[in-house]
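Computation of the quantities below employed the complete heavy-atom set of this structure, encompassing side-chain atoms and omitting hydrogens, waters and symmetry-equivalent molecules.
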Amino acid sequence: MSKVNTSTRPEARLAKGFRDIEAAELRGLNDMTGKIREVYERYGFEALETPAIEYTDALGKFLPDQDRPNAGVFSFQDEDEQWMSLRYDLTAPLARYVAQNFQFLPKPFRRYAFGNVYRNEKPGPGRFRQFMQFDADTVGAEGVAADAEMCMLAADTLEALGVKRGDYVIKVSSRKLLDGLLSAAGLDGEENAGRRLTVLRAVDKLDRLGIEGVSQLLGKGRKDESGDFTKGADLTPAQTMEVIGFLERPIASNADNPAFKSGVDDLLKLKEICAAAGYEENRIRLDQTVVRGLEYYTGPVLEAELTFEVKDDDGKPVRFGSVGGGGRYDDLVARFTGEKVPATGFSIGVSRLQAALSLIGDKKAKALGPVVVLVMDKAEIATYQKMTQALRNAGIRAEMYLGSSGMKAQMKYADKRNSPCVIIQGSDERAKGEVTIKDLIEGAKAAAAIKDNKEWKEARPAQFSVSEANLIQEVHKLIKRHEA
RNA sequence: GCCGCCUUAGCUCAGUUGGUUAGAGCGCUAGAUUGUGGAUCUAGAGGUCCCCGGUUCAAAUCUGGGAGGCGGUACCA
């Protein structure tokens, strides 16, 4: 074959913000989703899968060519020129599903869902444009018991995944508190919508910037280390003090303030329900600094946070922070039906949580690969394939070498696949009705001690011959030994 | 979006004041070893030096613009 003109070669590259997931990580992922599913089902949630693509208006987004071009959402037009979008979370599709099937669903409707979601944003460290979420939602229940249940579900799920009690906390607040605060600070009304948003954003940054940084953001603004200036909410000093004061006071002390009353009552009731079920402050804690998304939450909001610190590959300490969150959103279904349907939910950032767990979890040994049957003699391929099939039928992962290289390359291949052993049958063995089994794991240990090449050649460590009839039994024994 | 750093082989990176045919290590392929993983040695394959323009006898190197990557920040349903 002649050389391809290099100027026409495409570059083999991943799309920005996307990634490949390989065998070891996929195994971990399946493991995780299995455990999460178990907890969600135990709580009575029913599985539901909706498509990755929805009509753009059903997701509640502006069309890409209108005033917010492609604002965070991947969108395109189908052949009828209808705008479609990749889902950016699992809640918007749920709202569509509930609205569409309202008359048939049991109320309250409780479902769980998991899958990839897509965001057309600039990716950052640990942030991708495709990632997996695992959600549970209760639709049609307005009592705070449904919210309390979300908190307990979050705690149970983290523990099922191996996060120790004390290494995480579920923080709960209520959007009603912040609404009350803003109203008390005189930021009511349409004309203050932008400033309310800025205040919420500032409060959300408390854990990272501290009281000082938040104060700056509430006032004129703040300049960060990279020299970028973030415009503040431009509150008066008195208003700033009021907000800061709220953040520093315990929630219960606001109980008599009419602006906060309804929110505080909710939270105290929620806390009581959780405590009665055995979920104390070390797991589920009221914390008025929790903000969560800005648009649709209307009541209690919760955030699942990992509290331990780990070192990354460079030895720098990393805090993972939030690995999931949720809250009450009472207006989402109403978009479609006009009927107000109360709902509350919880969502786990699976990919993010997995990254965190892989840093605390003990590094598992690489899983064993398949047994590799070497092709010593191309004329005997049918025999090798038959052996391979016999191993497979006995429940052993096995494959015949399918490449075209010689024995040395075949050994290297098996090594790279992390095979427990290879099966060798050349003319010598065949004449005697035998096969040679070479234990690659034992062999590697033996080889470490050998210095001289000649010795290495002659030693042929960790291999033995058995009669063809005993092949399966011997391989079984060998694998069992290495799995232990 | 804003700020900073970076871009040379599949990967990690050298490349002198601008000067012949752009290098190394790792990885890959093969041989030394009719049929044995490691180590060692040998050979081979692999390059639009990110792109476009400018300066120059001469640009991977200097210069202008652009693209891409990384990090911070902003946004985050």
Side-chain angles (χ1 to χ4, degrees), chain A residues 3 5-9 11-17 59-62 68 71-73 85 87-93 95 117-127 129 131 133 135 197-198 200-202 204-205 208-209 213 217 221-231 291-297 322 325-327 329 332 345 347 349 372 374-377 403-419 421-422 424-429 436 438-463:
Chain A
K3 260 193 185 176
N5 182 352
T6 55
S7 68
T8 65
R9 286 184 196 163
E11 190 186 344
R13 57 178 188 155
L14 261 171
K16 188 223 254 318
L59 289 180
K61 276 292 157 183
F62 298 93
R68 277 206 285 176
V73 184
S85 296
R87 63 184 176 198
Y88 52 86
D89 70 8
L90 297 173
T91 308
V117 301
Y118 303 84
R119 295 189 187 178
N120 189 5
E121 296 169 328
K122 185 189 140 185
R127 268 184 61 180
R129 301 209 282 189
F131 56 96
Q133 292 194 329
D135 287 26
L197 216 60
T198 309
L200 293 184
R201 285 172 186 157
D204 197 25
K205 294 188 177 63
R208 199 152 43 85
L209 303 180
L217 285 173
R222 174 176 181 275
K223 191 175 191 160
D224 62 54
E225 302 108 54
S226 75
D228 197 19
F229 185 77
T230 309
K231 204 169 171 306
V291 178
R292 294 295 302 167
L294 307 164
E295 309 220 3
Y296 62 56
Y297 290 116
S322 173
Y329 51 97
L332 230 48
S347 173
V372 175
L374 300 195
V375 174
M376 304 298 292
D377 181 351
S404 54
S405 302
M407 179 172 185
K408 188 176 174 124
Q410 297 188 34
M411 291 298 301
K412 280 191 181 178
Y413 171 78
D415 197 33
K416 217 167 240 182
R417 292 298 305 275
N418 203 30
S419 300
C421 64
V422 296
I424 305 169
Q425 189 187 50
S427 49
D428 298 351
E429 287 94 346
T436 295
K438 180 168 179 115
D439 183 333
L440 294 184
I441 295 165
E442 277 308 311
K445 282 186 205 153
I450 296 175
K451 291 278 179 298
D452 176 65
N453 188 46
K454 192 166 196 173
E455 188 190 342
W456 161 253
K457 291 291 147 194
E458 286 165 2
R460 296 197 175 175
Q463 67 185 61

Participant: Counting any heavy atom closer than 4.0 Å, what does A:Ile424 reach on the DNA or RNA strands: base, sugar-phosphate only, or nothing?
Facilitator: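 Touches a base.
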Participant: With respect to the side chain of A:Ser427, which nucleotide from B:C75, B:G37, B:G35 is positioned closest?
Facilitator: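 Shortest atom-to-atom distance from the side chain points to B:G35.
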Participant: Give the rounded distance in Å between these two atoms: NZ of A:Lys231 and P of B:A74.
Facilitator: 16 Å
Participant: Side chain of A:Leu440 only, heavy atoms from C-beta on: which candidate in B:G71, B:G37, B:U36 is closest?
Facilitator: B:G37
Participant: Taking only N and O in the side chain of A:Arg208, is any of them less than 4.0 Å away from OP1 or OP2 of B:U73?
Facilitator: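 Answer is yes, contact under 4.0 Å.
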Participant: Nearest to the A:Arg201 side chain among B:U36, B:C76, B:G35, which nucleotide is it?
Facilitator: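 The listed nucleotide nearest to A:Arg201's side chain is B:C76.
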Participant: Looking across every strand, which nucleic acid part, if any, lies under 4.0 Å from A:Ala414 by heavy atom: base, sugar-phosphate, or nothing?
Facilitator: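 No contact at all - A:Ala414 keeps every heavy atom at 4.0 Å or more from the nucleic acid.
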Participant: Whole angstroms only, please: what is the CG-C1' distance between A:Asn120 and B:A77?
Facilitator: 14 Å
Participant: From the options B:A74, B:A77, B:G37, select the nucleotide whose nearest atom is closest to the side chain of A:Thr230.
Facilitator: B:A74
Participant: A:Gln410 versus A:Val422: any side-chain heavy-atom pair under 4.5 Å?
Facilitator: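 No, side chains not in contact.
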Participant: Would you say A:Glu121's side chain and A:Arg129's backbone share a donor-acceptor pair under 3.5 angstrom?
Facilitator: no
Participant: Do you see a donor-acceptor pair shorter than 3.5 Å between the side chains of A:Glu429 and A:Thr436?
Facilitator: yes
Participant: In terms of side-chain heavy atoms of A:Lys205, which of B:U36, B:G37, B:C75 is nearest?
Facilitator: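 So the side chain of A:Lys205 is nearest to B:C75.
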Participant: Looking at every non-hydrogen atom in both residues, tell me the closest pair between A:Leu90 and A:Asp135 and how far apart they are.
Facilitator: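 Scanning both residues completely, I find the closest heavy atoms to be CB-OD2, 3.6 Å.
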Participant: Which atoms of nucleotides 29-34 of chain B (N or O only) lie under 3.5 Å from a protein N or O atom, and what are those distances?
Facilitator:
unit_1 : atom_1 : unit_2   : atom_2 : d
B:U33  : O4     : A:Asn453 : ND2    : 3.0

Participant: Would you mind telling me which of B:G37, B:C75, B:G69 lies closest to the side-chain atoms of A:Lys16?
Facilitator: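 So the side chain of A:Lys16 is nearest to B:G69.
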Participant: Could you check how far CG of A:Asp377 sits from P of B:U36, rounded to whole Å?
Facilitator: 15 Å
Participant: Which of these nucleotides, B:A77, B:U36, B:A74, is closest to any side-chain atom of A:Met407?
Facilitator: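 Looking only at side-chain atoms, A:Met407 lies closest to B:U36.
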Participant: Are any of the side-chain heavy atoms of A:Met407 and A:Met376 separated by less than 4.5 Å?
Facilitator: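 When only atoms from C-beta onward are counted, A:Met376 and A:Met407 do touch, with a gap below 4.5 Å.
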Participant: Would you say the side-chain atoms of A:Tyr88 pair up with the backbone N or O of A:Leu59, donor to acceptor, closer than 3.5 Å?
Facilitator: yes
Participant: Taking atom P of B:G37 as reference, at what distance in whole Å does atom NZ of A:Lys445 sit?
Facilitator: 19 Å
Participant: Minimum heavy-atom separation for A:Gly326 to A:Arg292, with atom names?
Facilitator: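 Nearest heavy atoms, A:Gly326 then A:Arg292: N-NE, 3.9 Å.
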Participant: Where are the stems of RNA chain B, defined as at least 3 consecutive Watson-Crick or wobble G-U pairs with both distances under 3.5 Å?
Facilitator: B:1-7 with B:67-73, B:10-13 with B:23-26, B:28-32 with B:40-44, B:50-54 with B:62-66
Participant: If you check the A:Tyr296 side chain, which of B:U36, B:A77, B:G1 turns out closest?
Facilitator: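 Out of B:U36, B:A77, B:G1, the nucleotide with an atom closest to A:Tyr296's side chain is B:A77.
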Participant: Mind checking if A:Arg129 touches a base, just sugar-phosphate, or nothing, with heavy atoms under 4.0 Å?
Facilitator: nothing
Participant: Is the closest side-chain heavy-atom distance between A:Met411 and A:Lys438 below 4.5 Å?
Facilitator: yes
Participant: Less than 4.5 Å apart, side chain to side chain, heavy atoms only: is that true for A:Leu209 and A:Arg222?
Facilitator: yes
Participant: Of A:Asp89 and A:Pro123, whose closest RNA chain B nucleotide lies nearer the 5' terminus?
Facilitator: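 It is A:Pro123 whose nearest nucleotide is closer to the 5' end.
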Participant: I'd like the C1' distance from B:U61 over to B:C50, given in whole Å.
Facilitator: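 After rounding to an integer number of Å, I get 15 Å for this pair.
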Participant: Can you check the A:Arg292 CZ to B:C76 C1' distance for me, whole Å?
Facilitator: 10 Å
Participant: Should the side chain of A:Gln463 and the base of B:G37 be counted as holding a donor-acceptor pair, with the cut-off at 3.5 Å?
Facilitator: no
Participant: Can you see which heavy atom on A:Cys421 is nearest to which on A:Asp439, and at what distance?
Facilitator: CB-CA, 4.1 Å
Participant: Is A:Glu429 touching bases, backbone alone, or none of the nucleic acid, heavy atoms closer than 4.0 Å?
Facilitator: base
Participant: Any idea which of B:A74, B:G37, B:G35 is nearest the A:Met376 side chain?
Facilitator: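 The listed nucleotide nearest to A:Met376's side chain is B:G35.
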Participant: Contact class for A:Asp439 vs. all strands (heavy atom < 4.0 Å): base, sugar-phosphate, or nothing?
Facilitator: base
